[in-house]
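Got a structure here, written out as structure tokens. Questions coming.
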Amino acid sequence: MTTEIDRKIAVILVADVVGYSKHMEKDENATLKAYSECEKILKTCLKKYKGSIFNTAGDSALAEFPSAVNAVECGVAFQNDIKKRNDSDKTEVKLEFRIGINMGDVVKKEGNLFGDGVNIAARLEALAQPNGISISKSVYDLVVPKTKMTFNDLGVQKVKQNEFHAFDILLDPSQKRTLKTNSKSMIPIMGAVAAALVLMVGVFYFTIFQNTSNDLNPIASGDKPSILVMNFENLTKDEDNGFLGNGITTSIRSVLNSTESVKVPPSSTTNFIAKNKYENSQIHEKYGFDFILRGNVQGAGNKIRVSVEMTDLSKESILFSNIYDFDETKDIFDLQDEIALSILQATRITSKFARPELAKGLYSLGKSWLRR
């Protein structure tokens, strides 16, 4: 039985909050209230310009428009309204947004939209500046003769598997910038970092299993180790680089959640623990988590340094810690071997969680992500 695929050309707008996790850690209730206010502003703009939301993801919204001009005018109106809100002395939490707009082929399924048309809009949003709007050439070609806006040509950009010609809409002259044409984005590097770290955890468990399997009793299938992944800190001088740590943290959680052999607490729990500044002993006592993974990120250009540390909460002992340097010239598989070797040398302990399905699951998962 074949199912007909519903395809069409659509104009997609993606709006996302800048530094949402940081705001939530500082004051969760005030941030939620502020986002609700901004959401009302967005819905008012969407209604005026005939846009409709087809998906949301907590701190972001994806909308479809009947025309490129409508989408661009809606994005500009929304950013201007958000600026007015933030300029008010009565505004407690000043949220900033990035917006990406693209026109392309999409697939409609159960009220949602998928495909390159949506993916590139999301990449453009990640490329945009805080309070800014980035659009694709397909949108630019349609709106430039019909609007009086000022545009800045960013050239051809490549993010993950998507390559596209991007433009900024200059809402203010200070937003003009120069980006490296067809540059390698930090986003695929972040995915590689996450995969390598998960591979590292897999090697860790595999090593333990190989060293101690003869001395261990079988454990129940429901007894899974829990790893609390704390948000990686941004130690660069530029606050806008916070996406590096957030991206790596999110990627690590996603990879770990893809296997049923380990439990990963949700980000809301992580944010609550970070906000209350719990010590390791308190985290273990209150929540019963087995391990905690912490890290920080330093970055400049296409170079990134990741420091990582994993602690056994029951023993209050560091299982491993290391620093890993990534750049666009370094072979990720050489780095993979470097990480694996460092863990093999560092982990000579026993664990009740050592078992082959966990080790093989994490190890294979990490390798599959690295080879994407």
Donor-acceptor contact below 3.5 Å, side chain Glu309 vs main chain Leu293: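 No.
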Rounded at 0.5 Å granularity, tell me how far NZ in Lys108 sits from CZ in Arg7.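 Answer for the NZ-CZ pair, Lys108 versus Arg7, is 15.0 Å.
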Atom CD of Glu92 with >12 non-hydrogen neighbours under 6.0 angstrom: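 Not more than 12 within 6.0 Å, no.
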Mind checking the OG1-CD spacing from Thr311 to Glu316? Nearest 0.5 Å is all I need.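 That separation rounds to 7.5 Å.
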Measuring only between side-chain heavy atoms, which start at C-beta, is Val106 closer than 4.5 Å to Phe114?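 Contact flag for Val106/Phe114 side chains = no.
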If we count only N and O atoms by modelled type, under 3.5 Å, do the side chains of Asn231 and Glu25 hold a donor and an acceptor together?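 On atom types as modelled, these side chains qualify, holding a pair under 3.5 Å.
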Start with the C-alpha gap between Glu37 and Ile41, add the side-chain angles, then the distance that decides, and say whether side-chain contact (heavy atoms from CB on, under 4.5 Å) holds. CA-CA 7 Å; Glu37 293 172 359; Ile41 294 174; 5.7 Å; no
Is any side-chain heavy atom of Asp168 closer than 4.5 Å to one of Arg177?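 They are in side-chain contact.
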Phe65 and Tyr49: ring-ring contact (aromatic ring centres under 6.0 Å, His included), yes or no, with the steps? CA-CA 8 Å; Phe65 287 82; Tyr49 294 99; 7.8 Å; no
Determine yes or no for a side-chain-to-main-chain donor-acceptor pair under 3.5 angstrom, with Asp27 supplying the side chain and Ala30 the backbone.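 Pair found, side chain donor or acceptor close to backbone of Ala30.
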Are Thr91 and Asn86 linked by a side-chain donor-acceptor pair shorter than 3.5 Å?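 Short answer, no.
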Mind running side-chain contact (heavy atoms from CB on, under 4.5 Å) on Val139 and Val72 for me, showing each step along the way? CA-CA 8 Å; Val139 173; Val72 166; 3.7 Å; yes
What distance separates Leu13 CG from Asn70 CG, expressed to the nearest 0.5 Å?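 Leu13 atom CG to Asn70 atom CG measures 11.5 Å (nearest 0.5 Å).
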Verify side chain to side chain donor-acceptor pair (under 3.5 Å) between Asn131 and Glu96, making sure each step is shown before the conclusion. CA-CA 6 Å; Asn131 304 311; Glu96 297 178 325; 3.1 Å; yes
Are Ile169 and Leu171 close enough that some pair of their side-chain heavy atoms sits under 4.5 Å apart?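 They are in contact (side-chain heavy atoms under 4.5 Å apart), so the answer is yes.
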Hey, quick one: are Leu62 and Leu42 part of the same hydrophobic cluster, counting side-chain heavy atoms closer than 4.5 Å, chains of contacts allowed?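 No.
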Same cluster or not: Ile133 versus Ile12, using hydrophobic residues (I, L, V, M, F, W, Y) connected whenever any side-chain heavy atoms lie under 4.5 Å apart?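 Shared cluster, no.
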Check each of Ile318, Val229, Ile227 against Met310 using the side chain to side chain contact (heavy atoms under 4.5 Å, CB included) test, and report the only one that passes.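 So, applying the side chain to side chain contact (heavy atoms under 4.5 Å, CB included) to Met310 and each of Ile318, Val229, Ile227, only Ile227 qualifies.
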Is there a side-chain contact between Leu124 and Val14, using heavy atoms and a 4.5 Å cut-off?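 No, every pair of side-chain atoms sits at 4.5 Å or beyond.
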Side chains of Ser226 and Asp290 only: does a donor on one sit below 3.5 Å from an acceptor on the other?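 Distance-only check passes for Ser226 and Asp290.
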Would you say that more than 12 heavy atoms from the other residues, nucleotides or ligands in this model lie under 6.0 Å from the NZ of Lys83, or not?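 Check fails, neighbour count at 12 or below.
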Is the backbone of Leu32 close enough, under 3.5 Å, to the side chain of Ser36 for a donor and an acceptor to pair up by distance?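 Not a single qualifying donor-acceptor pair exists.
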Taking Ser134 for its side chain and Gly100 for its backbone only, find out whether a donor-acceptor pair lies under 3.5 Å.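 No; zero donor-acceptor contacts below 3.5 Å.
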Looking at Gln175 and Pro130, what are the two nearest heavy atoms and their distance?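 Smallest interatomic distance, heavy atoms only, reads NE2-O, 4.3 Å.
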Quick check: are there more than 12 heavy atoms from other residues, nucleotides or ligands sitting under 6.0 Å from CD of Gln282?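 Yes - once you tally the heavy atoms of other residues, nucleotides and ligands closer than 6.0 Å, there are more than 12.
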Inter-residue atom distance Phe78.CZ - Cys38.SG, 0.5 Å rounding: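 If we round to the nearest 0.5 Å, Phe78:CZ and Cys38:SG are 6.0 Å apart.
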Can you see which heavy atom on Ile99 is nearest to which on Ile101, and at what distance?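 Looking at all heavy atoms of both residues, the closest pair is CG2-CG1, 3.9 Å.
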CD-CG distance between Gln129 and Leu170, expressed to the nearest 0.5 angstrom: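 Reported value, rounded in 0.5 Å steps: 8.0 Å.
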Side chain proximity check, Ile283 to Leu228, heavy atoms < 4.5 angstrom: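 Contact flag for Ile283/Leu228 side chains = yes.
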Please answer whether the main-chain N or O of Met103 pairs with a side-chain N or O of Ser138 as donor and acceptor at a distance below 3.5 Å.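 Looks like yes, one N/O pair under 3.5 Å.
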Check this for me: Lys94, atom NZ, are more than 12 non-hydrogen atoms of other residues, nucleotides or ligands nearer than 6.0 Å?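 Yes, NZ of Lys94 has more than 12 neighbouring heavy atoms, counting only those of other groups under 6.0 Å.
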side-chain contact (heavy atoms from CB on, under 4.5 Å) evaluation trace for Glu64 with Lys8: CA-CA 12 Å; Glu64 179 187 7; Lys8 65 176 182 177; 2.7 Å; yes
Going by distance alone, is a donor N or O of one side chain under 3.5 Å from an acceptor N or O of the other, for Asp153 and His165?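 His165 and Asp153 do have a side-chain donor-acceptor pair below 3.5 Å.
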Could you check whether Asp81 pairs with Arg85 (Lys NZ or Arg NE/NH1/NH2 to Asp/Glu carboxylate O, under 4.0 Å)?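 No salt bridge links Asp81 with Arg85.
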Would you say Val11 ends up clustered with Phe167 if hydrophobic residues are merged whenever their side chains have heavy atoms under 4.5 Å apart, either directly or through other cluster members?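 Linked within one cluster.
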Lys109/Asp6 under side-chain contact (heavy atoms from CB on, under 4.5 Å): CA gap, chis, key distance, verdict: CA-CA 7 Å; Lys109 183 179 180 182; Asp6 187 3; over 6 Å; no
Are Val76 and Ile135 connected in the hydrophobic side-chain network, where two residues link if heavy atoms are under 4.5 Å apart?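 Result: yes, single cluster for both.
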Considering non-hydrogen atoms only, spot the tightest contact between Tyr20 and Asp59 and give its length.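 Scanning both residues completely, I find the closest heavy atoms to be CB-OD2, 3.3 Å.
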Are the side chains of Asp16 and Phe97 in touch, meaning some heavy atoms are under 4.5 Å apart?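 In short, these two side chains do not touch, never coming nearer than 4.5 Å.
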Nearest 0.5 Å, please: how far is CG in Leu154 from CG in Asn152?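 Result: 5.5 Å between the selected atoms.
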Quick check against the 3.5 Å criterion: does Asn276 have a side-chain atom that pairs as donor or acceptor with the backbone of Tyr278?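 Such a contact is absent between Asn276 side chain and Tyr278 backbone.
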Less than 4.5 Å apart, side chain to side chain, heavy atoms only: is that true for Phe151 and Val144?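 Of all side-chain heavy-atom pairs linking Val144 with Phe151, at least one is under 4.5 Å.
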Should the pair Lys146-Glu73 be classified as a salt bridge under the 4.0 Å nitrogen-to-oxygen rule?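 The answer is no: the pair does not qualify as a salt bridge.
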Main chain of Pro265, side chain of Thr269: is a donor-acceptor contact present, judged purely on distance under 3.5 Å?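 Here the side-chain-to-backbone pair does not exist.
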Can you find a heavy atom in the side chain of Phe291 that is under 4.5 Å from one in the side chain of Leu313?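 Phe291 vs Leu313: side chains apart.
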Any donor-acceptor pair under 3.5 Å linking the side chain of His23 with the backbone of Leu95?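 Judged by distance alone, no pair lies under 3.5 Å.
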